[in-house]
Amino acid sequence: MRANTGRHFLQIPGPTNVPDRVLRAMSAPTIDHRSAEFAAMAREIVAGLRQVFQTSGAVTIFPSSGTGAWEAALVNTLSPGDAVLMFETGHFATQWRNMAERLGLCVDFVAGDWRHGVDATVVEAKLAADRSHSIKAVAVVHNETSTGVASRVAEVRRRIDAARHPALLIVDTISSLGSIDYRQDEWGVDVSVGCSQKGLMLPPGLGFNAVSDKALAASKSATLPRSYWDWAPMLAENKAGFFPYTPATNLLYGLRESLAMLFDEGLPNVFARHRRLGEAARRAVRAWALELVCCDPQEFSDSLTAVMMPAGHDADALRQTIVGRFNMSLGTGLGRLKGRVFRIGHLGDFNDLMLAATLSGIEMGLGASHVPFTPGGVGAALEYLASN
Ligand SMILES: Cc1ncc(COP(=O)(O)O)c(C=O)c1O
């Protein structure tokens, strides 16, 4: 039996639930992308994105998913054979490494257990040992969406500085932007990679790079082939509010609206809301006597929680039961965590009652699937929400 009544709960860690306000904005008729009206909107959006990345530098918008923005970050700053330091924090870090190798980069991929974030002491040690400065970039995933582990980017920056190394710092902020505090300029990030379908509460289809002056300078001499992803024509056209090719006009309507929503709430409040809801979700998991994938409380992600299944129980069977009975989608386990983990998305357009319903669906689903657990997770979360 499949429950189709009521609203579908899209509790995967992106794409996230798109607010009605954004859906309505996107339903406006498409306009001429070479008109003055469009240019005014595009300039407003770029200014808004700078605020979200917390940068005064350049921001590019590609009609792409996050993977395209990953590629743009690499091909604009690096040359064939360049050494890049990356960390195996999970599925997405692994995918990005694979892309870098396919592009002809030499990746030093520091092995990880998919339960911890980037070890910043390793960043310092590797860079300090690289006397000839052959490592051209350190590329890390801020919030590993496959594990619910958030790496400490400010600490990575401190360690690069401690090693007095000129490598660029490139950061994937795909599932943290607009939900977990992220500071491009303060943290000295050279390229940040973002996209539309997570904290920005939009459908998939927009990819972003926030670019420091140092990265821009590197792009002048970088020789990896690039055309569609080239920052130069994009930034030149953006100055007047235009794009070198057809932009995703209606997604940009949506982005203008979602930025307005984030600024109405205030970014510090947005981050605090995610922190509080994240903590409530983790309390539920602990009360169920289930195990979080993330081992270090300093690295808990506030945008999603990944949960280990008890041995012998399949996470995808649980997800199937929950979508069938309660019309709610949870995130699947990715890569080596397939079947062993389910992920709860608690980011974007999300509030206390949506979390309460999400956790209720999981608690009922655990019971219906005969997974061994201790009832009471929903109660633990509600108790925390009520007193905080
Ligand atoms: C951290 C992270 N990086 C990269 C990607 C890839 O983005 P996309 O699927 O939009 O290409 C994702 C997608 O979920 C992600 O979560």
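None of these values were measured; they are calculated from a predicted model. Ligands are counted one by one from 1 in listed order, and the atoms in each one are counted from 1 as well.
- Side-chain polar atoms of Asn76 and Ser219 form no donor-acceptor pair below 3.5 angstrom.
- Residue contacts with ligand 1, taken as heavy atom pairs separated by less than 4.0 Å, do not involve Glu144 at all.
- Residues passing the side chain to side chain contact (heavy atoms under 4.5 Å, CB included) test with Ala287 are Ala380, sequence neighbours excluded.
- Interface atoms of ligand 1 facing Ser65, defined by a heavy-atom separation under 4.0 Å, are 8 (P), 10 (O), 11 (O).
- Distances from atom 8 (P) of ligand 1 to the heavy atoms of Ser146, Gly66, Cys195, Ser64 put Gly66 nearest.
- Under the 4.5 Å side-chain heavy-atom criterion for ILVMFWY residues, a single connected hydrophobic cluster contains both Trp187 and Val52.
- Heavy atoms from other residues, nucleotides or ligands lying under 6.0 Å from CD of Glu383 number 12 at most.
- Environment of CG in Asp213: sparse, with no more than 12 heavy atoms of neighbouring residues, nucleotides or ligands closer than 6.0 Å.
- If you look at His346 and His274, their ring centroids are not closer than 6.0 Å.
- Looking from atom 3 (N) of ligand 1 to the surrounding protein, the closest heavy atom is Asp172 OD2, 2.6 Å.
- Of the protein's non-hydrogen atoms, Phe92 CD2, 3.5 Å is the one closest to atom 5 (C) of ligand 1.
- Counting heavy atoms under 4.0 Å from ligand 1, residue Gln95 does not touch it at all.
- At least one heavy atom of Trp70 sits less than 4.0 Å from an atom of ligand 1.
- Residue Thr67 has at least one heavy-atom neighbour below 4.0 Å for each of these atoms of ligand 1: 6 (C), 7 (O), 8 (P), 11 (O).
- What sits closest to atom 14 (O) of ligand 1 on the protein, heavy atoms only, is Lys198 NZ, 2.6 Å.
- Residue contacts with ligand 1 for Ile174 involve side-chain atoms from C-beta outward but no N, CA, C or O (heavy atoms, distance under 4.0 Å).
- Residue contacts with ligand 1 include Asn143, since one or more of its heavy atoms lies under 4.0 Å from the ligand.
- Considering both main-chain and side-chain atoms, Thr145 comes within under 3.5 Å of ligand 1 through a nitrogen or oxygen pair.
- Ring geometry for Phe38 versus Phe242: interplanar angle under 30°, hence parallel rather than tilted (30 to 60°).
- Counting heavy-atom neighbours within 6.0 Å of Arg34 CZ, excluding the residue itself, gives a total of 12 or less.
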